[in-house]
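Side chains included, hydrogens not; waters and symmetry mates left out as well; all remaining heavy atoms used. So that the names make sense, note that chain A is the first sequence line, chain B the second, and so on, each numbered from 1. Predicted model only: the values in this text are computed from it and were never measured.
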Protein chains: 2
Amino acid sequence: MPRSNSPQGRTGRPPLTSRAQILEGARRVIDRDGWEKLTVRRLAAELGIGATTVYHHVKDREDLLILLINEKAAQTPRPELPADPRGRIIVAATAIHDTLGGWPWAAEVLTADGFIARLDEPALWMAEAILDGALECGCTRAQAVDVFRNLWYYTIGEIFVRASSSGRPVPKTPFFDGIDESELPHLAAVGDEWPVLASRDIYPEGLRAFVEGLLSQALPEAS
Amino acid sequence: MPRSNSPQGRTGRPPLTSRAQILEGARRVIDRDGWEKLTVRRLAAELGIGATTVYHHVKDREDLLILLINEKAAQTPRPELPADPRGRIIVAATAIHDTLGGWPWAAEVLTADGFIARLDEPALWMAEAILDGALECGCTRAQAVDVFRNLWYYTIGEIFVRASSSGRPVPKTPFFDGIDESELPHLAAVGDEWPVLASRDIYPEGLRAFVEGLLSQALPEAS
DNA sequence: ACCTGAACACCGTTCAAGT
DNA sequence: ACCTGAACACCGTTCAAGT
């Protein structure tokens, strides 16, 4: 796994494949076949190289995904951050949500512990903005990190559910079939309405509610 | 995939393997080798049968996991539900969290759209309790479903992150290495403290904050 | 009706060897 | 230094055939 910006003294066979080409091929596979089909072997086939060659340019599959995420983040323009600190938190969390919404596979890699240390600066401004907003609201540093983590859990959970729901057959009706009405009256009452209700996007409102709750818990006597 | 409780007129070769034996074997594999190792082939090997035989008793891998979840839920005792409706929401969500915390693989299957319709009654009382609590707090039915979904996203997100963090090498220090201090001052200030802060369990407090936020948003003028 | 091995169409990763 | 095919150790699932 050589660095592209290696020191002067190069020797040996010149590279035929660059890291940039690998990332480009990965993007092509994702765009054409969907991210489930992005495998090391298929990527190699796309580039017309041996599967093993890929391992000379990226450490492993996870490394490939992290590189792809950082590249994507670098290309995504940052939204304007409002003056209101709560607004900044909301805008930053929504930016995470929107970015990952189109790339649900990224969420998979981003659940790993310490993932945040592997991200580059363009991907980290969102975390910074959330910390900044929470601190300006009066949170301690630890509380601000808690706010970030809690919003992260919520956001990633929503994306996972959305990701595994899309591309599935529409749930059949009757929905709660054979449910015990006396034991589960409310679920029975919702019944076939469930799929309809569950298809609504509630992230923006849920996020707002969560931010309110987190801040008022952290600062019970705020001005 | 024959039903165990099939009607009287049975003919042909008697079954050597039952669905119950399959689930038992699956539990053994999970307990001994970890859930990542629960594959159809390994399960068959555990039982000393051909991999293809498994498909006579369960539809596919996902079906196997759903059966396992329903079995687990049936064995888990239900906690006492407090009289306070908010308390009921918290207790039910915490029960989901605790149950899935030990079975992170279940979360994978439970993100699928319409998964809730495939659960049996013992697994559904938690959803019922959350709806019940929200309705008693004055929510409409749609709002109550929103409360459930939002808490579900948060809970499943926390479990995913926890699951992929456990069993990993402890993140190296310095944590945010080579970070741009002028661009990301708060992240730089947290620095090596991040892994310590991130290892704290914040689910209970986050849940409480979220419930507060959701209910006060749904009922702005509540008594 | 139930069970089977063989086969299909894949995975990620390592290793010794070639250029 | 870079690239390779072969190999290792797996996957889920289907299908035609056996008992």
Side-chain angles (χ1 to χ4, degrees), chain A residues 1-22 25-26 29-30 32-68 105 108-109 112 164 167-168, chain B residues 1-22 25-26 29-30 32-68 105 108-109 112 164 167-168:
Chain A
M1 240 206 344
R3 306 285 22 260
S4 338
N5 48 354
S6 59
Q8 69 292 37
R10 302 189 85 277
T11 50
R13 188 169 171 178
L16 299 176
T17 314
S18 70
R19 187 178 283 214
Q21 274 168 44
I22 295 212
V29 172
I30 290 174
R32 177 161 31 79
D33 307 324
W35 71 269
E36 305 89 339
K37 298 300 174 65
L38 178 64
T39 62
V40 175
R41 293 176 109 106
R42 190 179 277 249
L43 169 59
E46 170 77 22
L47 296 167
I49 61 176
T52 50
T53 307
V54 173
Y55 287 90
H56 278 271
H57 299 91
V58 299
K59 199 177 130 283
D60 52 23
R61 190 171 186 276
E62 187 174 295
D63 188 49
L64 172 67
L65 298 182
I66 295 268
L67 289 171
L68 237 22
W105 55 266
E108 195 183 306
V109 128
S164 38
R168 280 191 165 249
Chain B
M1 242 210 340
R3 308 283 22 257
S4 339
N5 49 354
S6 59
Q8 71 291 37
R10 304 188 85 274
T11 50
R13 188 169 170 177
L16 299 177
T17 314
S18 69
R19 187 178 284 214
Q21 275 169 41
I22 296 213
V29 172
I30 290 173
R32 178 162 30 78
D33 307 325
W35 72 269
E36 303 90 340
K37 298 298 174 68
L38 178 63
T39 63
V40 174
R41 294 177 108 104
R42 190 180 277 247
L43 169 58
E46 170 77 22
L47 297 165
I49 62 177
T52 52
T53 307
V54 173
Y55 287 90
H56 279 270
H57 298 91
V58 300
K59 197 177 132 285
D60 53 21
R61 191 170 185 276
E62 186 174 295
D63 189 48
L64 171 68
L65 298 181
I66 293 269
L67 289 171
L68 237 23
W105 55 267
E108 195 182 307
V109 130
S164 37
R168 278 189 168 252

Between [atom2] on [N] and [atom1] on [X], what's the gap in Å once rounded to a whole number?
X	N	atom1	atom2	answer
A/Arg19	D/dA1	CZ	P	16 Å
A/Ile22	D/dC3	CD1	C1'	12 Å
A/His56	D/dT4	NE2	C1'	9 Å
B/Gln21	C/dC3	CD	P	9 Å
A/His57	D/dC2	NE2	C1'	7 Å
B/Leu47	C/dT4	CG	P	10 Å
B/Leu64	D/dT13	CG	P	10 Å
A/Glu62	C/dC11	CD	P	19 Å

*For A/Arg61, report the nucleic acid contact type (base, sugar-phosphate, nothing); a contact means any heavy atom under 4.0 Å.*
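If one applies the 4.0 Å heavy-atom cut-off, A/Arg61 turns out to touch the sugar-phosphate alone, with no base involved.
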*Pick base, sugar-phosphate or nothing for B/Thr39, based on heavy-atom distances below 4.0 Å to the nucleic acid.*
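Sugar-phosphate contact only.
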*Which base, if any, makes a Watson-Crick or G-U wobble pair with D/dA1, both distances under 3.5 Å?*
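Answer to the pairing question: C/dT19, which forms a Watson-Crick or G-U pair with D/dA1.
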*Who pairs with C/dT14 - Watson-Crick or G-U, where each distance is under 3.5 Å*: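 Per the H-bond distance test, D/dA6.
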Return the nearest nucleotide to the side chain of [X]; candidates are [options].
X	options	result
B/Arg42	D/dC11, C/dT14, D/dT14	D/dC11
A/Asp60	C/dT13, D/dC3, D/dT13	C/dT13
B/Arg41	C/dT13, C/dA7, C/dC3	C/dA7
A/Tyr55	C/dT13, D/dC3, C/dT4	C/dT13

*asked:* Consider side-chain contact (heavy atoms from CB on, under 4.5 Å). Of B/Ile22, B/Asp63, B/Leu67, which one does B/His57 pass it with?
replied: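 Only match with B/His57 under side-chain contact (heavy atoms from CB on, under 4.5 Å): B/Ile22.
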*Has the side chain of B/Arg41 got a donor or acceptor atom that lies under 3.5 Å from a matching backbone atom of B/Gly50?*
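Side chain of B/Arg41 to backbone of B/Gly50: no pair is present.
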*Backbone N/O of A/Ala26 and side chain of A/Arg42: donor-acceptor pair under 3.5 Å*: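 Here the side-chain-to-backbone pair does not exist.
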*Which atom names give the shortest non-hydrogen contact between B/Gln21 and B/Leu47, and what distance separates them?*
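What the structure gives for the nearest pair is O-CD2, 3.6 Å.
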*Using the P atom in both, what is the distance from C/dC10 to D/dA9, to the nearest Å?*
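Roughly 23 Å separates the two P atoms.
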*Under 4.0 Å between a side-chain N or O of A/Thr52 and OP1 or OP2 of D/dC3?*
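No.
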*Any side-chain heavy atom of B/Leu43 within less than 4.5 Å of one from B/Leu64?*
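Yes, side chains in contact.
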